[in-house]
Amino acid sequence: MNRINQKLQEDKKLLSIYFTAGYPELEDTVEIIEKLESSGVDMIEIGLPFSDPLADGPTIQDSSTQALKNGMSTEKLFEQLKSIRESVSIPLIIMGYFNPILQYGVEAFCIKCQETGIDGLIIPDLPVDVYHDTYKTIFDSYGLINVFLITPQTSKDRIHFIDSVSEGFIYMVSSASTTGAKSGFGDEQTQYFDRIAEMNLKNPQIVGFGISNNHTFQQATRHSKGAIIGSAFIKHLSNYGKGGISEFVESVIRSETT
Amino acid sequence: MSYNVNEKGYYGDFGGAYIPEMLYPNIEELRNNYLKITSEASFKEEFAHLLKDYVGRPSPLYFADRLSKKYNTKIYLKREDLNHTGAHKVNNTIGQILLAKRLGKNRIIAETGAGQHGVATATVCALMGIECVVYMGEVDIARQAPNVARMKMLGAKVVPALSGSRTLKDATNEAMRDWINNPVDTHYIVGSVVGPHPFPDMVARFQAVVSDEIKWQLQEKEGTEKPDYLIACVGGGSNAAGTYYHYLDDESVKIIAVEAAGKGIDTGESAATSVLGKEGIIHGSKTLMMQTKDGQITEPYSISAGLDYPGVGPMHANLYRTGRAEFISITDDEAMTAGLELSQLEGIIPAIETSHALAVFDHKKFNPNDIIVVNLSGRGDKDLQNYIDYFKL
Ligand SMILES: Cc1ncc(COP(=O)(O)O)c(C=O)c1O
């Protein structure tokens, strides 16, 4: 069974962390992954940097620009991750925009993911319809789970379609925004979380965007299976370096240890 | 074979809507409504009325006698420079503001390179009393100062794009991010035939008035609707799309698309997408674009802010791949020279974007009987400082 599905069966709220590969330093990738796992993170999204990240706010944009300046590339990332499965056992997901994957070759990319031990992909600008018609069979044949996003504006029908195409979890974007634009949740989010919970989807949901600390983690996971932190972690890395990783993770999950 | 868009939003291999889920409802709303709304009689009437009385259409098709003599052929200039606001861009913004109103939007955003689209957007927003925010690269804000001032005068907010090359590509990114953050009340008036479907088709339809007029104007002047050649410069491709639109599937009319070579194709400072680009995804569309082998979008260069874009619209990518259009790239120097030449032969100072199209006459020989229509896409007022600096006038 795919590590993502296994993890989703655990009886706990999951914390997933996003970071941009090659940031702050080119060779930080493996160390950051290992530290996240040893700090108690359940799942990691490894950001493959892109020059024009449309769905991202300034924090992730800047980390991507820096990572590319540092020399990060698709080839380089796979090289860094070559032996990652010797030391890391939690699910690893690559999150990246579609063009770099298209240029690498979608099938070649999937083959590399399988060889490396990557469990899934999040490609924000690959729409579910195109995936379903053109790429799903390729992803499936290499055992990769592709994760789709929904937002407060996504229609009920489309959510059901996304649920039917998904085989891991649904990435629930907490508000209509780019990454890092808003922090915390208001009534609108709470109502949206309730509404989705009532739909009884086949896939569990993991909430992303707007989560930065224990309070927002608790709010986000009241009805959902887990939460993803991206911009807040990148900011922490920028301010405190890799040394501060376990502190950050502990501060988010501290009262979760039951 | 048709060179127009198919029902899935593709031109051959190119087009589609590769957008983050956050934009899906906005794009879906447009896709479901743009053809319906624009074919309503009340829409058509209002659009035609504004194009006539506000924009000043039809724009003249002017026989350029001295230019024709110099190149020993028959050159007509389609005078989009005489439109209100000074370029073809306003044809599209009038269409889109009428659409936005019917969709109940109360806030408009736009990207701009040369500032012509920004001015055209700010203008229609003032006309309709709708809030307007224009994203513009910091580099372009500096090189197109008169247009920045015009947008402010018209009541628009001009927001500098500070990321990447700080030009048109980055302004487009910022506009898309704004739309993601304001999905319900805001319409994004895309300024060229780029972006996710249905934008390329929608903008092409609004610009199609250009070739619609060329047909009857040429009939009046030459006794035929058909020129031998159509020539237009291509940034994203909207003035070109409008010029070609009603001739796309008539292969007896030859099409020339002119791109900006910048300092030269091989200098690393160029915006000639057809030569330097590869198939990829930029701003939600599968098209030809300049990129590294790793799929990172590269930063183009052209002296003209309106052509300084690393992609082309999917219609043009298909015209290139199928060979339907001939693509010619023109350097900064060649364009500037052609701009000065038109000024002094015909008394028309063209925008630097347009000067690229005019430089084709030094590149390619035409027959004395060839009827050639060039889209004179914009006037050069915004570029005077650049011309003056360049020629040390
Ligand atoms: C006068 C003029 N011509 C041409 C262009 C290029 O745009 P497009 O290729 O969409 O016509 C611009 C863009 O700003 C412009 O201002």
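Only heavy atoms go into these numbers, but all of them, side chains included; no hydrogens, no water, no symmetry mates. In the text below, chain A, chain B and the rest are named by the order of the sequence lines, each starting its count at 1. All figures in this text were calculated on a predicted structure; none of them were measured in a lab.
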Taking atom NZ as the centre, does A:Lys202 end up with more than 12 heavy-atom neighbours from other residues, nucleotides or ligands that are less than 6.0 angstrom away?
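Counting other residues, nucleotides and ligands, NZ of A:Lys202 exceeds 12 neighbours.
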So which part of [X] gets closer than 4.5 Å to some heavy atom of chain B, the side chain, the backbone, both or neither?
{"X": "A:Leu102", "result": "side chain"}
{"X": "A:Leu68", "result": "side chain"}
{"X": "A:Ala181", "result": "side chain"}
{"X": "A:Pro58", "result": "neither"}
{"X": "A:Ile101", "result": "neither"}

Between A:Pro127 and B:Ala17, what is the shortest heavy-atom contact and its length?
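It is CG-O, 3.2 Å.
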Mind listing the closest non-hydrogen atom pair of A:Ala176 and B:Pro183 along with its distance?
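Where A:Ala176 meets B:Pro183 most closely, the heavy atoms are CB-CG, 3.5 Å.
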Enumerate the inter-chain donor-acceptor pairs under 3.5 Å for chain A and chain B, one line per pair.
residue: A:Pro49; atom: O; partner: B:Gln296; partner atom: NE2; Å: 3.1
residue: A:Ser51; atom: N; partner: B:Gln296; partner atom: OE1; Å: 2.7
residue: A:Ser51; atom: OG; partner: B:Ile297; partner atom: N; Å: 2.9
residue: A:Asp52; atom: OD1; partner: B:Lys169; partner atom: NZ; Å: 3.2
residue: A:Asp52; atom: OD2; partner: B:Lys169; partner atom: NZ; Å: 2.8
residue: A:Asp52; atom: OD2; partner: B:Asn173; partner atom: ND2; Å: 2.7
residue: A:Pro53; atom: O; partner: B:Arg177; partner atom: NE; Å: 3.3
residue: A:Pro53; atom: O; partner: B:Arg177; partner atom: NH2; Å: 2.8
residue: A:Asp56; atom: O; partner: B:Arg177; partner atom: NE; Å: 2.9
residue: A:Thr74; atom: N; partner: B:Asp294; partner atom: OD2; Å: 3.3
residue: A:Asn99; atom: OD1; partner: B:Ile281; partner atom: N; Å: 3.0
residue: A:Asn99; atom: ND2; partner: B:Gln291; partner atom: OE1; Å: 2.9
residue: A:Asn99; atom: ND2; partner: B:Gly295; partner atom: O; Å: 3.0
residue: A:Gln103; atom: OE1; partner: B:Lys278; partner atom: NZ; Å: 3.3
residue: A:Gln103; atom: NE2; partner: B:Glu279; partner atom: O; Å: 2.9
residue: A:Gln103; atom: NE2; partner: B:Gln291; partner atom: OE1; Å: 3.2
residue: A:Arg158; atom: NE; partner: B:Glu21; partner atom: OE2; Å: 2.7
residue: A:Arg158; atom: NH1; partner: B:Tyr24; partner atom: OH; Å: 3.2
residue: A:Arg158; atom: NH2; partner: B:Glu21; partner atom: OE1; Å: 3.0
residue: A:Thr178; atom: N; partner: B:Asn181; partner atom: OD1; Å: 3.2
residue: A:Thr178; atom: OG1; partner: B:Asn181; partner atom: ND2; Å: 3.0

For chain A, which candidate among B:Ile19, B:Ile297, B:Leu162 shows the most heavy-atom pairs at distances under 4.5 Å?
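Option with the top pair count is B:Ile297.
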